[in-house]
Amino acid sequence: MIRTSGQELIAAGIGQIYVHGVREDSANIVISSVTTDSRHAGEGSAFVAIKGERVDGHDFVGSLDGAVLAVVDHLIEGTPIPQLLVDDTVKALGDIARLNIEKRRMYAQRGMNEFTVIGITGSVGKTTTKDMLSAVLSQLAPTVAPQGSFNNNIGLPLTALEVDEKTRFFVAEMGASAVGEIAYLTTIARPDISIVLKVGVAHLGGFGSVEHIRDAKAEIVRALTTNGVAILNADDENVRTMAQMTKASSIIWFSRADEQLQPKPATSTAVSSVILRGTNTELDDFNRPKFSITLPDGSHFNLRLGIAGEHNVYNALAVLSVVYSLDIPEHIAASVLSHMESISEHRMHMASVQVEDAHFTVIDDSFNANPDSMRAGLNALSTLHADDKDIYRVAVIGSMLELGVTEEEAHREIGLYASTHANEVIAVGSPTDENLMRLARCISEGASLSQTSHVHLVSDTDEAHELVMQCAHEHKCVVLLKGSHASGLSALAARWLGNA
Ligand code: ATP
């Protein structure tokens with residue numbers, strides 16, 4: 001972060017500083033990092049005490065070592081560490097992060113190093129796109145991007161606090177489970193370029209309707225100023241309407257459709273509205289897409305992604321749109337994307353494994369799941385080594401959470417989809433969580449409808465493991481692991497890949 005004094009925090013209205021219980025407006029404090037984890041509170045850091053479900057950060061203020069400031073919502077007695085007293089420590093974290101980004105912008109306005117914030121949202125693909133984009137941009141200049149999917153009201157500010165004087169690009173992932181959350185994140189780091197990947201039914205439970213999801217995602221383009229650039233998926237009807245919801249004078253559409261098939265983009269007030277296309281996709285033996293890109297100026301080139309999954313074509317097109325808007329030579333992006341073989345953990349990670357005495361291929365996509373990403377994972381399962389007729393395809397799938405009233409229907413649909421894309425469907429529930437078990441039952445009911453695959457309903461990952469081992473002894477198997485985080489499939493991935 002950019003070094004910040006206690007006086008700056010007070011002047012920004014974030015709180016008041018107390019030393020030994022006495023208000024000290026002129027305390028001589030300078031912070032150079034911020035953390036919410038007391039174990040990482042080193043020299044020059046501010047520790048923000050956050051109340052979690054199980055732990056309250058305020059309990060650690062008394063034992064801080066090295067921190068120069070504790071941000072608290074009530075004063076802790078008996079500690080020499082100065083305390084910034086605020087009403088709400090999570091909000092204060094956002095306020096300190098906003099101050100950091102404002103200071104960085106001020107440096108840019110004074111002619112020091114340019115600075116660009118790129119915000120990414122969508123129901124699926126945010127983390128993958130963020131990983132791809134930061135891999136490209138960091139080849140060119142200092143880039144800050146979150147680890148994993150730090151995309152909420154704690155993760156985004158913590159990442160924004162990594163921005164310093166030298167940072168050229170800040171790639172900000174913005175997630176939401178309710179209307180207003182992305183709007184809040186954009187007040188901390190207002191994007192200069194906003195990407196909307198897709199409006200799906202992820203987290204429908206929190207939103208109630210797809211329109212609310214659309215409105216929530218649109219907050220990222222509403223935050224753009226007239227100098228901003230909106231990068232929008234032209235193939236998603238809900239994203240198309242966002243052209244009318246932004247002041248941005250430049251829109252870059254991305255699409256996988258041929259020109260003739262393209263629905264007409266919505267009219268907008270944008271001065272410039274251009275389209276970048278990715279067409280003629282082919283998948284190689286490892287499910288890596290190769291496709292042809294047509295830039296808005298009409299020039300073409302071919303790209304083969306290093307990572308697997310046809311759905312990643314959309315994520316790559318969004319990245320190439322940013323590259324185009326920033327005038328970066330596309331061969332730089334193409335080279336990075338074609339050599340990038342992995343993204344954040346448990347997302348489309350493929351590996352051949354030897355587990356006990358069995359050998360099989362795993363597609364570990366176990367980080368999380370919603371209907372869009374489930375279908376994408378199952379598509380990958382059914383197309384990997386498509387020419388090899390001996391391959392036996394096993395879908396080990398768990399529940400998808402936060403889908404609201406449509407959840408049972410969505411699980412039956414996915415079950416049916418799985419059974420037409422796999423030889424064996426293993427629906428994984430939980431021995432202790434009736435909700436996960438009920439949803440797994442819906443998957444197996446849906447899968448049984450088609451009568452095209454063997455279907456099993458199991459209550460834990462050990463049973464799934466045993467079934468996969470049986471398959472792997474009898475067949476040449478590819479196994480997909482896919483489910484919401486709660487379904488525990490990432491532990492099964494770790495068990496297998498740890499043995500790789
Ligand atoms: P979350 O909000 O759960 O963190 P996310 O939006 O960050 O998700 P990723 O983590 O990139 O998305 O991917 C989540 C899952 O969706 C992975 O299984 C990935 O393979 C799949 N996925 C990624 N991009 C797409 C896409 N464009 N269409 C469908 N599925 C996708």
Side-chain angles (χ1 to χ4, degrees), residues 119-135 145-152 155-156 159 171-178 181-182 185 195-207 213 216-217 220 231-236 239 254-256 278 281 287-289 291 305 307-319 321 340 342-350 362-381 383-384 395-398 400-403 414 417 480-487 489-490 493:
I120 305 176
T121 197
S123 303
V124 275
K126 295 181 291 296
T127 302
T128 309
T129 306
K130 174 268 295 180
D131 286 344
M132 287 176 163
L133 183 59
S134 60
Q147 299 292 322
S149 23
F150 260 32
N151 63 22
N152 64 8
L156 180 129
T159 315
V171 181
E173 193 180 319
M174 298 189 174
S177 47
E181 290 181 1
I182 290 179
L185 300 179
I195 303 174
V196 187
L197 296 163
K198 190 174 177 67
V199 172
V201 291
H203 311 298
L204 186 61
F207 290 104
I213 298 180
K217 307 268 179 255
I220 203 168
I231 293 182
L232 300 175
N233 181 349
D235 299 346
D236 182 310
V239 178
F254 58 93
S255 170
R256 294 188 59 196
T281 304
N287 210 253
R288 291 173 302 198
F291 53 105
L305 294 184
I307 59 170
E310 187 171 355
H311 55 276
N312 283 316
V313 173
Y314 274 119
N315 303 333
L317 291 177
V319 170
S321 302
M340 189 175 171
S342 63
I343 39 181
S344 293
E345 263 195 323
H346 303 305
R347 291 172 184 83
M348 290 309 283
H349 177 60
M350 299 200 185
V362 184
I363 305 176
D364 170 18
D365 203 27
S366 61
F367 171 72
N368 216 342
N370 61 48
D372 286 316
S373 68
M374 238 339 158
R375 273 188 282 273
L378 289 163
N379 289 343
L381 174 67
T383 51
L384 187 66
V396 180
I397 51 181
M400 305 170 283
L401 297 182
E402 301 179 43
L403 294 182
I414 283 299
Y417 196 84
L480 170 72
L481 283 175
K482 178 87 190 154
S484 65
H485 189 66
S487 56
L489 295 175
S490 48

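As the structure lists them, so they are numbered: ligands from 1, and atoms in each ligand from 1.
- Using a 4.0 Å cut-off between heavy atoms, Asn315 contacts ligand 1 through its side chain alone, with no backbone atom that close.
- Between Tyr314 and ligand 1, no N or O atom pair is found at a separation short of 3.5 Å.
- Here Arg288 pairs with Asp284 under the side-chain hydrogen bond (donor to acceptor under 3.5 Å, both in side chains) rule; sequence neighbours left out.
- Taking 4.5 Å as the limit, some side-chain heavy atom of Arg347 sits within range of a side-chain heavy atom of Asp365.
- When the ring pair (Phe, Tyr, Trp, His ring centres under 6.0 Å) test is applied to Tyr417, the partners found at least two apart in sequence or on another chain are His421.
- Val196 places none of its side-chain heavy atoms less than 4.5 Å from the side chain of Asn233.
- Atom CG of Asn315 is separated from atom CG of Asn312 by 5.0 Å, given to the nearest 0.5 angstrom.
- For ligand 1, the polar-atom distance check finds no N/O of Asn151 at less than 3.5 Å from any of the ligand's N/O atoms.
- Residue Arg347 touches ligand 1 through its side chain alone, judged by heavy-atom distances below 4.0 Å.
- Assignment of Glu173 to the shell around ligand 1 is supported, since a heavy atom sits closer than 4.0 Å.
- Checked by distance only, ligand 1 and Asn312 stay at 3.5 Å or farther apart across all their nitrogen or oxygen atoms.
- A donor-acceptor contact under 3.5 angstrom links the side chains of Arg256 and Thr281, judged on distance only.
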Review point. Under the side-chain hydrogen bond (donor to acceptor under 3.5 Å, both in side chains) criterion, do His485 and Asn368 qualify, and how do the steps go?
Key: CA-CA 5 Å; His485 189 66; Asn368 216 342; over 6 Å; no
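- The heavy atom nearest to atom 13 (O) of ligand 1, out of those in Ile120, Thr127, Thr128, is found in Thr128.
- Ligand 1 is never approached by Lys130 to a heavy-atom distance shorter than 4.0 Å.
- Nearest-heavy-atom check against atom 23 (C) of ligand 1 across Lys126, His311, Glu310 picks out His311.
- Less than 4.0 angstrom separates some heavy atom of Lys482 from each of these atoms of ligand 1: 15 (C), 17 (C), 18 (O).
- With a 4.0 Å cut-off on non-hydrogen atoms, Lys198 does not touch ligand 1 at all.
- In the vicinity of Ala376, heavy-atom distances shorter than 4.0 Å reach the ligand 1 atoms 29 (C), 30 (N).
- Less than 4.0 angstrom separates some heavy atom of Asp365 from each of these atoms of ligand 1: 17 (C), 18 (O), 19 (C), 20 (O).
- Proximity of Ser373 to ligand 1, defined as any heavy-atom pair under 4.0 Å, is shared by backbone and side chain alike.
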Practice item. Go through Tyr314 and Thr129 one step at a time and tell me if the side chain to side chain contact (heavy atoms under 4.5 Å, CB included) criterion holds. Key: CA-CA 9 Å; Tyr314 274 119; Thr129 306; over 6 Å; no
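- Looking only at side-chain heavy atoms (C-beta outward), Leu305 and Met132 come within less than 4.5 Å of each other.
- In this structure, the separation between CG on Leu197 and OG1 on Thr121 is 7.5 Å, given to the nearest 0.5 Å.
- Of all the heavy atoms of Met348, the ones lying under 4.0 Å from any atom of ligand 1 belong exclusively to the side chain.
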